[in-house]
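The next block holds one structure in the form of C-alpha cells; read it before the comments.
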Amino acid sequence: MYALRNMKIAVFSDRDGTINKDENYYLGSNPHWKEQVSFLEGVVEGIQLINKIPNSHFFILTNQSGVALQGGNFDNLTVERMHEVNLFILTELHKNGCNITGYFACPFVDENYALKAIKKGKIVNPKFVVNNHPDFKPNTGMIQKALSQMMADEGDYRIYAIGDRASDVEMSLNAGGIGILVESSKTKELGDVEKVLKMGKDAHVARDYLSAAQIIDKDIKTFSRL
Ligand SMILES: [Mg+2]
C-alpha cells in the first residue's frame, strides 16, 4: 500500500552496463551502434515497476567519456551523436512500455581520467577535460538539472539512483538519496561491490535491475507507513 501524501519520487538510472549491455562499446562510436543496443535482464520489468510508484519520475543520467576521446571511431562520437544514442534508447524503452521523464549526459572527464586514457594509447580532446565538473558523477549536477526541470528542490523528492559503478551510488548519497549498485562483470573487476558495502545504510547492492527496483518499491512502502 502506498500513502505518500505529497512526497515525490525521483529515480536516476545509469545507462551503460546498467540499462544496456556494455562491452566497452562507447555507444555511438561504431557506425553500427544501433545493433549494439541491447537491454539487460530485468531492466524493462524494473522500470515498469518504478513507473507504477505514484508521483515517480524516472531519469537516465550518463557519463559519456567517449565523447572526450578522439581518433578512429571515436571521431563519430560527437555531442550530437551522444544525444542521438540517448534518444534512441529512450524510444526503444518507450516501445517496451517504459516511461522515461528525460535524460542528462556528461561528456566531460577529469584530468585523472584523461591521463589514464592517454596511458592506454587513446587521444583526449582537451576541450572536454574539466576537473570536478558538476555533472561528472559522483557529482550531483545532473540530479540538480533534473530537479530544476521539474521546478523543485531536493527536499521535495525522495531520491534514488541505480548504477553499475560505485560512483552512481555515491552520487545519490551526495544528493541525500539512496543508491543501489547493480552488479555487472565490470563491477566485480573494479571491486565496486566492496566499496559500496562500506558506504553505509543508504547504499545497497542488487543482483539485477528488477531487484534494484524492488528495493526502491519496498523502501517507499516502508517509508510511507512511517
Ligand atoms: Mg555504467
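Source: prediction; values computed, not measured. Note that ligands are numbered from 1 as they come in the structure, with each ligand's atoms numbered from 1 the same way.
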Please list all pairs passing the salt bridge (Lys or Arg N to Asp or Glu O under 4.0 Å) test where one or both residues lie in residues 89-98, with sequence neighbours left out. Glu92-Lys95
Describe, in one word, how the ring planes of Phe59 and Phe12 are oriented to each other, choosing from parallel (under 30°), tilted (30 to 60°) and perpendicular (over 60°). parallel
Sidechain-backbone polar pair: Thr140 side chain, Met171 backbone, donor-acceptor under 3.5 Å: no
Any side-chain heavy atom of Gln64 sitting closer than 4.5 Å to one from Val85? no
Rounded at 0.5 Å granularity, tell me how far CD1 in Ile19 sits from CG in Leu40. 9.0 Å
Heavy atoms only: give me the nearest Ala175-Ile143 pair and the separation to one decimal. CB-CD1, 3.8 Å
Short of 2.8 Å from the Mg ion (ligand 1), name each protein N/O/S atom, waters not counted. Asp14 OD2, Asp16 O, Asp164 OD1
